[in-house]
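Contents: one structure, followed by commentary.
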Amino acid sequence: MRDKYEVVIGLEIHAQLNTVSKIFCGCSTAFGAEPNSNTCPVCLGLPGALPVLNKSVVEMATRAALALNLHVNSASIFSRKNYFYPDLPKGYQISQYDRPFSERGWVEIPTAERAESGHPIEWKLKRFRITRLHLEEDAGKLIHEGWPESAAKSYVDLNRSGVPLAEIVSEPDLRSSWEAYDYIQHLRRALQYVGVCEGNMEEGNLRCDANVSVRLRGAEKLGTKVELKNLNSFRFVQKALEFEIDRQTAALEAGERIVQETRLWNERESKTYSMRSKEEAHDYRYFPEPDLPPLVITDEEISVASAALPEGPEARRRRFVEEYGLSFDDAAQLTDTRAMADFFEETAKQSANAKAAANWILNELVRELKNAGTEIESSKVSSDMLSGMIRMIDGGAISGKMAKDVLIEMYASGAPAARIVEQMGGGQLSDESQIREIAAAVIELNQKQLEQYRSGKTALLGFFVGQVIKQSGGRANPQVVNKVVKEILER
Ligand code: ADP
Ligand code: ZN
Ligand code: MG
């Protein structure tokens, strides 16, 4: 049934710009402060208070726009978006309307449908157009809980009022819930790489509204869209879209019409519920903000920002594959955050063994970080320490097996690999004559196996090698053991 229909999705993402102070006043943006302590006449909307645009908001918005290939307008206009709600003290939100900060961007990213198991099926490169990125202020927050029953009311916390947001609107280019998922993940990374937004949906510094419609495959006109809200995690976006696509498809199959409305995702029930019919732009009575001049940005400011822009996550992922020969999956994981990518690249350079660097980080270090509940930024094993350990493995000083213990110990103690190896009673045994002595003794003790070997059962080589390594306390270099044992057996 689904195949008859084509899915059309467009996303509106609100990214909180991580400035120290608010967009139109000097109040702190710090999270978790005493309610209403980070406020002043401007963000409380007191009569006569005048907004002044924060310069670092413009710098961050510029970096965000450039990272998403948007054209930054030389002049943009702030507008008032009028509506009534208790968390909006002025009765309007300062936003941008017909002359936004930036327009006509795009991203080109790998995206894949997922199997039942959640596994990506086949990665394909796709381009999604971005309509615009504009600036606006956040509203306050209503608190309904945490009060005694007798005082059951709603309270307003205006600490968030005036926190800077970049709203990023996509064209209706996304064709499935997983494309939407991959697109937001990319935006999160792109904004995090240029240092403008932490991109944490659970903490609300990245918020997403999803617009979705379905139409008969081949139809030209877009179907009626529904807007989904209350999507507080990347997975909720994907799950809510999936539910909604099924709901719309079933409705159309039953001959019903889709109503244009806003629906809320209910995670507990895995369903969307109608919240209200969707308002139109003219309901907001937009008009230019008289208290703020046009936001002017020069070509020079744009080229300075552009020159200072770091390599983006997608370009870096591609380069990791080409330059270091990593697999797509490894490169994707290692470019998930900029700190992770930096850590890998330093380790790869210092150890001169990129593959080993990738493997040790992804298989061992990531587990230690997870156990310790920390991110790579505060890893107790630095890239210096990890590359030192990889050089010891490659130089034959320790075996890969020993290194696993060394890494765990490095993480626990913060000491470099060489010292830990010393404390553990020395490194790998590669000395041929010492190994030959052990091997001779082992073979002496296993006469039956020796006969069997010599009469053709050569698979027993593994048995002897294992015994020798065991006798050495796990320290003997397996390659040398292999060579020496073979020499003795075939004498
Ligand atoms: P509105 O006026 O309701 O805000 P817009 O045209 O501004 O609608 O689009 C808002 C978002 O919805 C954009 O991301 C856009 O790509 C997406 N969108 C628009 N029309 C559709 C549609 N028919 N189906 C799915 N998404 C759509
Ligand atoms: Zn303020
Ligand atoms: Mg709109």
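In listed order, ligands and their atoms are each counted from 1. Because only heavy atoms are used, hydrogens play no part in the values below, and waters and symmetry mates are left out as well, while side chains stay in.
Below 4.0 Å from some heavy atom of Gly10 lie the following atoms of ligand 1, by number and element: 14 (O), 16 (O), 17 (C), 26 (N). Within ligand 1, the atoms closer than 4.0 Å to a non-hydrogen atom of Val169 are 13 (C), 14 (O), numbered from 1 in the order shown. The distance from ligand 1 to the heavy atoms of Glu171 drops below 4.0 Å at these ligand atoms: 16 (O). Atoms of ligand 1 found under 4.0 Å from any heavy atom of Val8, numbered from 1 in the order shown, are 24 (N), 25 (C). The ligand atoms of ligand 1 that sit less than 4.0 angstrom from a heavy atom of Gly223 are 23 (N).
Polar contact check, Leu222 against ligand 1: no nitrogen or oxygen pair lies under 3.5 Å apart. At a 3.5 angstrom cut-off on N or O pairs, Ser213 counts as close to ligand 1.
Residue pairs meeting the ring-ring contact (aromatic ring centres under 6.0 Å, His included) criterion with at least one member in residues 14-69, sequence neighbours excluded, are Phe24-Phe78.
Annotation: cation-pi pair Lys90/Tyr92 present, NZ/CZ under 6.0 Å from the ring centroid and within 45° of its normal.
Around CD of Glu323, the count of heavy atoms belonging to other residues, nucleotides or ligands within 6.0 Å exceeds 12. Environment of CZ in Arg257: sparse, with no more than 12 heavy atoms of neighbouring residues, nucleotides or ligands closer than 6.0 Å.
Of the candidates Ile9, Ile130, Asn211, it is Asn211 that places a heavy atom closest to atom 11 (C) of ligand 1. The closest heavy-atom contact to atom 4 (O) of ligand 1, among the options Lys221, Glu227, Gln260, Glu12, comes from Glu12. Which of Arg132, Arg129, Lys225 comes nearest to atom 21 (C) of ligand 1 through a heavy atom is settled by distance: it is Lys225.
Between Tyr97 and Tyr284, the gap from one ring centroid to the other reaches at least 6.0 Å.
When each of Leu386, Leu365, Val381, Val366 is tested with Trp360 by the rule side chain to side chain contact (heavy atoms under 4.5 Å, CB included), just one qualifies, namely Leu386.
Residue Leu11 touches ligand 1 through its backbone alone, judged by heavy-atom distances below 4.0 Å.
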Inset, instruction - List the steps, then state whether salt bridge (Lys or Arg N to Asp or Glu O under 4.0 Å) holds for Glu314 with Arg317. - result: CA-CA 5 Å; Glu314 184 44 27; Arg317 185 194 59 74; 2.7 Å; yes

Inset, instruction - Apply side chain to side chain contact (heavy atoms under 4.5 Å, CB included) to the pair Arg316 and Arg338, showing each step before the final yes or no. - result: CA-CA 9 Å; Arg316 206 161 183 190; Arg338 192 173 158 194; 4.0 Å; yes

Inset, instruction - Start with the C-alpha gap between Leu407 and Met410, add the side-chain angles, then the distance that decides, and say whether side chain to side chain contact (heavy atoms under 4.5 Å, CB included) holds. - result: CA-CA 5 Å; Leu407 183 88; Met410 275 205 293; 3.8 Å; yes

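One finds no salt bridge joining Asp87 and Lys141 here, because no Lys/Arg side-chain nitrogen approaches an Asp/Glu carboxylate oxygen to under 4.0 Å.
Gln96 contributes a side-chain N or O that, together with a main-chain N or O of Phe101, makes up a donor-acceptor pair within less than 3.5 Å.
Listed by chain and residue number, the protein N/O/S atoms under 2.8 Å of the Zn ion (ligand 2) are Cys25 SG, Cys27 SG, Cys40 SG, Cys43 SG, with waters left out.
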